[in-house]
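Note on naming: letters A, B, ... go to the chains in the order of the sequence lines (proteins, then strands), and numbering restarts at 1 for each one.
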Amino acid sequence: MFKIDVDNINGKTESLYVYGEQSILTELEEHNVLLNHSCRQGHCGSCVLLLLQGDVLHQDCLVPLSQGEILACQSKPITDIKIGSRN
Amino acid sequence: MSYSIFSKKVVNTMAQPMFFGDAVNVARFDKQKFEMFEKLTEKQLSFFWRPEEIDVSKDKMDFAKLLPNEKHIFLSNLQYQILLDSVQGRSPNIAFLPIVSLPELENWIETWSFSETIHSRSYTHIIRAIVNEPGAVFDDIMKTEQIIERAESVSKHYDELIKCSQAYLLHGEGTHDLNGDKTTIDLKCLKRKLYLTIMSVNILEAVRFYVSFACSFAFAERKVMEGNAKIIKMIARDEALHLTGTQHMINLIRDGKDDPEMTAIAAECESEVINMFKEACEQEKNWAEYLFRDGSMIGLNAEILKQYLEYVTNIRMNAIGLKPLFEERSNPLPWINHWLDSDNVQVAPQETEITSYLVSAIDNTLDDSDADFGDFKLD
């Protein structure tokens with residue numbers, strides 16, 4: 001299992017334990033950490049997060065991302081990670 | 001001014017607004033003002049699919065076993081989607097192409113609208129497969145009051161924009177006689193109509209469609225009508241792209257990255273836009289009542305569908321920088337995400353609903369089952 005440290009996303013700071021089989025967006029939703037999102041396909045960029053520690057497997061997306069940014073709908077953890085809001 | 005299909009004026013497309021600038025002449029994609037539209041087009045092209053690729057033969061047996069109230073839900077749902085895609089299969093082209101000013105956006109609009117025609121064809125594919133008399137299902141669309149009522153609100157912004165922009169392109173600004181109506185056309189009023197039309201299309205694709213998606217996927221969660229669900233999954237994948245297109249246009253306008261006059265109009269129209277979301281959500285809730293009038297189905301009822309509508313409406317409003325209308329909540333239909341999520345993340349090719357198979361892909365690995373190659377060598 002992997003640990004996802006959530007650092008102040010929509011007011012929540014907590015640790016989640018996941019198998020790494022689902023997208024980070026789905027994991028956050030299942031743990032009731034609500035996050036802006038829209039297309040769930042990597043097109044719109046609504047669910048952008050900052051990857052503060054660790055590594056993720058990130059799928060193709062249409063949105064240009066800066067260093068350290070990930071789309072929650074397109075990534076899943078491959079190590080323990082720490083994520084936070086961009087703003 | 002008069003519209004020309006190929007204006008001789010030399011223009012710098014990098015300095016044009018999205019709409020109501022100079023008409024596009026050369027379809028060139030070597031440089032783009034807004035690269036996102038090019039990316040959307042490429043993605044849409046890579047999604048190309050045909051309904052005939054999907055086997056819906058088991059759906060006929062499943063449909064025969066559905067309860068009468070479930071048949072009503074299933075068919076009404078499809079009839080409504082047929083209406084929505086009939087509108088979307090032609091309207092972006094008719095409404096937006098004559099006034100677009102960027103080649104990459106023109107190309108996206110054509111690609112977008114074409115993909116909607118595939119959706120329309122797929123409904124015929126499904127209906128032919130499951131009922132003996134497909135014609136009756138199509139004929140009923142125009143006789144169903146609940147569908148026609150919503151056709152009005154889906155198409156009224158398009159109609160208004162098309163009427164006035166055609167008059168503008170023929171006669172320019174001024175007061176014109178349009179079928180006996182004295183109508184004053186000025187560019188600002190046209191841009192306002194355009195903004196509301198883009199918003200109305202966003203609501204159509206980002207909110208209204210999702211009621212139907214939820215119903216189709218609810219059947220497939222019970223392992224019935226899975227061929228239909230696989231087609232609807234393809235359609236949902238396309239629609240996620242389309243709604244990103246209109247969201248992107250809206251956000252470019254609202255963020256002041258396009259025409260400054262459009263940005264001012266967007267600010268002026270904010271309360272009207274919020275009312276459009278509210279009205280669409282109410283109409284879809286009434287539709288949910290109509291769908292479930294004869295009874296619920298396992299996993300879905302009118303109440304949960306209404307909660308889902310509020311959830312989706314909030315998400316879509318958030319995505320274009322509007323304050324959500326309803327209280328923040330988690331998804332009341334969490335299982336739907338399994339159908340809406342990108343296949344890139346969840347890969348299990350044996351599952352019915354996976355859409356990421358590669359066409360014409362070759363597996364070049366060799367193992368024991370390929371032993372009949374023997375001592376074959378390439379010299």
Visitor: So does Glu35(B) have more than 12 non-hydrogen atoms from other groups sitting under 6.0 Å from CD?
Guide: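 No, not enclosed.
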Visitor: Looking at Glu239(B), Lys39(B), Arg329(B), which makes the most heavy-atom pairs under 4.5 Å with chain A?
Guide: Lys39(B)
Visitor: Please round to the nearest 0.5 Å and tell me the distance separating atom CZ of Arg316(B) and atom OG of Ser46(A).
Guide: 8.5 Å
Visitor: Would you compute the distance between atom CG of Asn318(B) and atom NE2 of His37(A) and round it to the nearest 0.5 angstrom?
Guide: 9.5 Å
Visitor: Against chain A, label Leu243(B) side chain, backbone, both or neither, depending on which of its atoms sit under 4.5 Å from a heavy atom there.
Guide: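 Only the side chain of Leu243(B) comes within 4.5 Å of chain A.
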Visitor: With side chain to side chain contact (heavy atoms under 4.5 Å, CB included) as the criterion, how do Leu62(A) and Lys43(B) come out once you've worked through the C-alpha distance, each side chain's angles and the decisive distance to 0.1 Å?
Guide: CA-CA 8 Å; Leu62(A) 297 189; Lys43(B) 198 71 173 171; 4.0 Å; yes
Visitor: Which value, rounded to the nearest 0.5 Å, describes the distance between His43(A) atom NE2 and His242(B) atom NE2?
Guide: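 Spacing of NE2 (His43(A)) from NE2 (His242(B)) equals 9.5 Å.
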Visitor: Any side-chain heavy-atom pair from Ser38(A) and Thr244(B) closer than 4.5 angstrom?
Guide: no
Visitor: So, do Gln22(A) and Asp341(B) sit near enough that their side-chain heavy atoms are less than 4.5 Å apart?
Guide: no
Visitor: Do Asn331(B) and Glu29(A) have side-chain heavy atoms sitting under 4.5 Å apart?
Guide: no
Visitor: To the nearest 0.5 Å, what is the distance between CD1 (Ile315(B)) and SG (Cys47(A))?
Guide: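 Answer rounded to 0.5 Å: 11.0 Å.
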Visitor: Side chains of Thr26(A) and Asn337(B): any donor to acceptor distance under 3.5 Å?
Guide: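 No pair is found: no donor N or O on one side chain lies under 3.5 Å from an acceptor on the other.
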